[in-house]
Amino acid sequence: MNPVEIEEAVSQLALEPFNRGEFPFSFLRAFGNPETTIKRLRTGSTNQSDVGGVLQRSNIHIATCDAGEVETTLGLLRDSPKTAKTKAKFILATDGESFQAEDRTSGETVACDYADFPDHFGFFLPLAGITTVEQIRESSFDIRATGRLNKLYVELLKDNPDWAKAERRPDMNHFMARLIFCFFAEDTDIFVGEGLFTRTVEQMSARDSSDTHAVISEIFRSMDTKIADRQSAGIARYANQFPYVNGQLFSGSTEVPRFTKIARSYLNHIGNLNWKKINPDIFGSMIQAVADDEERGALGMHYTSVPNILKVLNPLFLDDLRGKLEEAGDNGRKLLNLRNRMARIRVFDPACGSGNFLVISYKQMREIEAEINRRRGEPDRRSDIPLTNFRGIELRDFPAEVARLALIIAEFQCDVVYRGQQEALAEFLPLNSENWITCGNALRLDWLSICPPIGTSVKLRSNDLFDTPVTQSEIDFENAGGETYICGNPPYKGSQSQDEEQKSDLERVFSNTDANWKGLDYVSGWFFKAAEFSRFSSADFAFVATNSINQGKAVSSLWPLVLGSDLEIKFAHTSFKWANLASQNAGVTVAITGIANADNKPKTLFSVSESGALEARQVPFINAYLVPGPQMYVEPRSKSLAGLTPMAFGNMPIDGGFLSFTRDEISQSDISSEIRSRYIRKIYGGAEYIRGQSRYCLWANDVEEDELSKQSLFENRLQQVRSFRNASKRDATRALADTPQKFGWIAQDGDEVVMLLPRILSERREYITAGYEPIGTLTTDQAYVLLNAPIWNFSIISSRLHWVWIDTVCGKLKTDLRYSNTLGWNTFPVYQLTENNKSDLKRCAENILIARESHFPSTVADLYDPRIMPEDLRRAHEENDEVLERIYIGRRFRNDTERLEKLFDLYTKMTSKKAAA
DNA sequence: TATCCGACATTAT
DNA sequence: ATAATGTCGGATA
């Protein structure tokens with residue numbers, strides 16, 4: 001269940017008559033517990049309560065009681081030995097009048113009237129497995145509002161099918177934005193009279209809902225008409241009470257979708273919520289799913305947490321502002337300078353979604369400004385920070401609407417908090433008419449015209465930045481000295497999953513470069529455009545992006561263009577999971593990169609330590625791999641830089657799985673042992689090797705198909721391979737359809753001594769786990785192979801030095817290592833090895849293999865699990881490292897940082913020597 | 001020809 | 001259910 005669904009279930013429960021016996025079960029059901037769980041608790045088989053209540057292990061201990069006994073009952077629950085023993089997170093007591101609960105981990109408590117307990121449902125969200133985000137628990141209102149608006153939205157689309165079509169959706173979305181504004185305004189005295197909007201609609205429209213749309217439309221028309229013009233415009237008397245709002249919010253068509261009776265009652269429900277409590281930073285990202293038919297199922301789940309956003313904003317510029325505030329102390333002059341500086345700061349998010357980066361920037365800056373004004377004795381002073389300095393571009397119209405609204409709401413709320421309700425109201429309306437959130441394609445728009453480094457006007461230029469470079473003379477310098485910070489979390493899309501339009505977006509962005517843009521992630525476009533912007537007006541920028549742009553091949557394609565010789569990475573957050581509430585898509589791993597003009601200041605590298613704590617390191621340089629060290633790019637090579645044995649990419653079947661067999665499939669078939677030994681081979685992918693599993697394949701690349709089809713085991717399989725290949729849209733695959741017995745890519749003859757290593761390696765293992773397999777063993781493309789290779793190669797692959805190199809320079813799958821022959825093996829810098837070196841390394845390699853052997857039949861996964869790695873194996877690796885590292889520097893390296901430094905250094909020397917030669 | 005990647009995908013636990 | 005950890009083959013140079 002998502003938070004919205006839980007909120008609805010909890011609210012429903014509170015409306016029903018209180019039933020002492022049923023309440024605990026209904027409560028658990030509302031938090032998404034399946035019927036079977038409830039049943040088991042009800043029959044007592046899993047109910048461990050020792051106070052006559054209901055106790056669900058490691059979750060909650062609930063007891064209902066007689067009127068007036070709540071306090072005492074909660075005490076009983078608190079002291080219950082079972083509560084402690086079963087590690088219950090919460091205790092809850094209620095008599096149907098009053099409601100009390102406690103979070104046993106944090107000690108936080110809830111005490112309220114029974115009828116109001118749904119207001120605290122966020123408190124209990126861990127019961128539904130939702131723990132990721134701390135603030136979500138303070139967002140009960142936002143979740144509730146999202147749920148109600150969603151119901152209204154769906155209901156309206158159902159009855160106004162034409163509004164659901166692509167061309168009218170923007171009207172529908174604009175209408176929703178207007179409604180949200182009205183709900184907020186009527187609860188915050190922006191409209192004079194409590195609940196003015198909801199009340200007026202309720203009173204002036206017919207109960208049968210036939211004219212609801214007309215009444216709302218008239219109210220909207222009124223809000224778009226200046227007071228002086230209302231009489232001539234013939235505004236209805238009831239609509240005349242509404243203020244003139246402007247801000248483009250109510251301009252344009254005032255057409256309103258038709259309401260059913262149900263929709264009219266939903267509207268009333270929504271209006272009766274207390275919109276004062278809205279969190280514009282959270283609400284925006286929750287509500288945006290409403291307008292997206294595909295995302296609606298995950299309503300309230302794709303929520304970006306404030307701490308994650310601050311990981312971008314703090315090091316980008318907020319920390320600096322706070323530092324300056326501290327430095328200024330009570331010095332009025334310095335405080336004034338800081339305030340003047342902040343008044344000119346522009347924050348620009350060219351992928352702003354519903355504006356949460358902008359809203360949070362704005363709120364944080366207002367907080368700093370308020371402190372300045374407090375210290376200067378001007379607490380009521382009007383804010384000098386213009387809302388229009390927070391600019392954004394967003395592709396989808398609804399989030400774009402919501403972003404603007406969220407900023408307006410944030411401004412009002414900040415004014416109320418820092419200056420007071422009266423001052424906030426006095427200057428709120430009419431809204432600024434400029435639309436400073438642009439709905440459009442950020443990769444096609446000219447950022448300089450949307451966020452001009454100078455001046456305040458927003459005018460769209462149709463041409464791209466690179467079609468018509470902006471010349472200095474066009475720039476108006478009236479506000480010289482203002483800083484611009486570009487930030488955001490733009491969309492990521494791997495090179496293979498981009499659609500045609502996205503491809504052409506990138507093509508335009510990179511058209512004037514010789515970049516391999518086809519291989520780049522979609523997000524790269526934002527980095528490149530930000531860098532170009534920065535070169536016009538020195539704006540620092542930082543984005544969240546998939547970590548793959550800082551890995552593997554992408555590094556040498558993208559970063560030389562972004563950084564050039566004038567920009568530098570000023571801070572970075574290495575890979576971490578970008579968590580939101582959607583457990584099912586917890587999967588994306590991101591990094592944050594912040595870029596600024598080169599200077600001599602130290603850079604800050606953030607990373608999450610093993611214990612989960614955030615570490616910040618000051619280093620002289622951060623390179624594009626997000627490791628400390630001078631800028632350098634490792635490019636793929638087709639041959640080893642150091643003369644190592646060639647490493648081949650394994651045999652790729654391209655067979656839909658039909659050339660593979662399990663052990664059982666073979667043993668249960670009727671093939672003769674002769675056919676079997678002639679055509680069936682053992683084959684390894686990474687998984688089979690690491691987990692010690694078996695897999696077999698048909699290996700008969702050059703045998704006639706007719707010959708093979710005589711075997712019933714093969715006949716059907718070959719047909720399936722043929723049709724699988726024919727169904728492909730890749731030419732090369734279809735061309736293979738006529739020879740279904742043949743692998744798509746062949747790396748081996750099949751009779752060499754095979755050393756294989758998996759293409760994907762768990763980040764938990766401390767070494768790269770290559771291994772020898774018997775002659776004739778095959779590998780799939782999930783493993784690399786060295787054929788008939790001298791054993792000292794094994795020593796190199798198995799070394800910590802090599803692990804560090806691969807970890808840094810190759811790609812990743814999530815945070816796991818992804819080995820690459822071209823990027824990792826062929827680029828690995830090694831000194832020329834003497835015969836003595838080679839024989840020393842051979843001995844070390846053999847010792848590793850012997851240590852592994854001594855633990856037969858442990859699998860690689862067992863042996864290299866760092867928690868249980870056998871001592872003798874560990875020692876054999878240590879010795880191997882000792883010998884190899886002496887060849888590099890005559891002693892052991894102190895740590896991985898030192899290893900990498902040496903490797904980078906040697907790589908640079910070896911590549912420049914090659915280039916010179 | 002020869003890979004590199006996945007706002008992932010599927011299997012272990 | 002979450003945690004661990006690697007399929008598969010198309011797109012690309």
Side-chain angles (χ1 to χ4, degrees), chain A residues 1 32-34 37 58 128-129 131-132 295 298 301-302 304 351 489-498 503 514-523 544-549 551-555 557 577-580 582-590 635-639 646-658 660 685-691 693 695 724-725 727-734 736 743-747 758-765 780-784 810-826 860-861 864-865:
Chain A
M1 276 171 101
N33 281 288
T37 309
S58 38
T131 51
T132 337
E295 279 210 35
M301 303 294 261
H302 292 281
T304 312
N489 178 15
Y492 333 144
K493 204 93 192 161
S495 64
Q496 297 193 39
S497 45
Q498 291 159 24
K503 280 278 178 224
D514 55 359
N516 296 329
W517 58 269
K518 281 186 177 173
L520 290 175
D521 193 285
Y522 193 49
V523 78
V544 185
T546 166
N547 61 354
S548 66
I549 64 166
Q551 289 159 3
K553 221 162 74 160
V555 175
S557 321
K577 278 182 185 163
W578 188 252
N580 57 34
S583 57
Q584 70 269 25
N585 80 351
V588 58
T589 311
V590 298
E635 305 217 25
R637 306 178 73 92
S638 55
K639 272 189 185 150
M647 182 182 285
F649 189 82
N651 307 288
M652 193 170 189
I654 314 186
D655 62 344
F658 296 115
S660 278
E688 288 82 13
Y689 168 68
I690 286 171
R691 302 202 193 118
Q693 295 157 346
R695 172 170 166 184
F724 171 80
R725 288 180 177 172
S728 168
K729 60 175 179 172
R730 177 181 180 245
D731 293 344
T733 301
R734 282 199 312 281
L736 287 164
F743 268 50
W745 166 253
I746 297 164
R759 206 156 97 181
I760 304 285
L761 301 134
S762 166
E763 62 173 332
R764 294 175 55 240
R765 303 203 259 271
T780 73
D781 53 297
Q782 297 314 311
Y784 288 94
C810 291
K812 292 267 164 78
L813 186 52
K814 289 212 172 211
T815 47
D816 290 335
L817 277 68
R818 188 200 289 272
Y819 200 93
S820 156
N821 52 355
T822 58
L823 281 165
W825 180 247
N826 293 342
V860 173
Y864 284 85
D865 182 332

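We name chains A, B, ... by the order of the sequence lines, and we start the count at 1 in each one.
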For DNA chain C, which consecutive runs of 3 or more Watson-Crick or G-U pairs (each distance under 3.5 Å) count as stems?
B:1-6 with C:8-13, B:8-13 with C:1-6
Taking only residues two or more places apart in sequence or in another chain, which ones pass side-chain contact (heavy atoms from CB on, under 4.5 Å) with A:Gln693?
A:Glu688, A:Arg691
Identify, with sequence neighbours excluded, every residue that meets salt bridge (Lys or Arg N to Asp or Glu O under 4.0 Å) alongside A:Arg759.
A:Asp781
So what does A:Ser638 touch, heavy atoms closer than 4.0 Å: a base, only the sugar-phosphate, or nothing?
nothing
List for me each residue that meets salt bridge (Lys or Arg N to Asp or Glu O under 4.0 Å) alongside A:Lys493, sequence neighbours excluded, and say none if there are none.
none
Name the residue closer to the 5' end of DNA chain B, choosing between A:Ser495 and A:Met647 according to the nucleotide with the nearest heavy atom.
A:Met647
Under 3.5 Å, which N/O atoms of the protein pair with N/O atoms of nucleotides 9-13 of chain B?
none

For A:Tyr522, which residues count as a ring-ring contact (aromatic ring centres under 6.0 Å, His included) partner, sequence neighbours excluded?
A:Trp526
Can you list the residues that meet the salt bridge (Lys or Arg N to Asp or Glu O under 4.0 Å) rule with A:Asp816, with sequence neighbours excluded?
none
Could you pull out all residues at least two apart from A:Phe743 that satisfy ring-ring contact (aromatic ring centres under 6.0 Å, His included)?
A:Trp699
Of all residues at least two apart in sequence or in a different chain, which pass the salt bridge (Lys or Arg N to Asp or Glu O under 4.0 Å) check with A:Arg765?
none
Just jot down the ring-ring contact (aromatic ring centres under 6.0 Å, His included) partners of A:Tyr689, sequence neighbours excluded, or say none.
none
Show each protein N/O and nucleotides 7-9 of chain C N/O combination with a separation under 3.5 Å, one pair to a line.
unit_1	atom_1	unit_2	atom_2	d
C:dT7	OP1	A:Ala687	N	3.4
C:dT7	OP2	A:Gln782	OE1	2.6
C:dC8	N4	A:Arg759	NH2	3.1
C:dG9	OP1	A:Gly656	N	3.1
C:dG9	O6	A:Arg759	NH2	2.4

Which is true for A:Arg765 with a 4.0 Å heavy-atom rule: it touches a base, it touches only sugar-phosphate, or it touches nothing?
sugar-phosphate
So what does A:Asn489 hit on the nucleic acid, given a heavy-atom distance under 4.0 Å: a base, only sugar-phosphate, or nothing?
base
A:Thr546: side-chain hydrogen bond (donor to acceptor under 3.5 Å, both in side chains) partners, not counting sequence neighbours:
A:Ser548
What is the nucleic acid contact for A:Ile690, judged by heavy atoms within less than 4.0 Å: base, sugar-phosphate only, or nothing?
sugar-phosphate
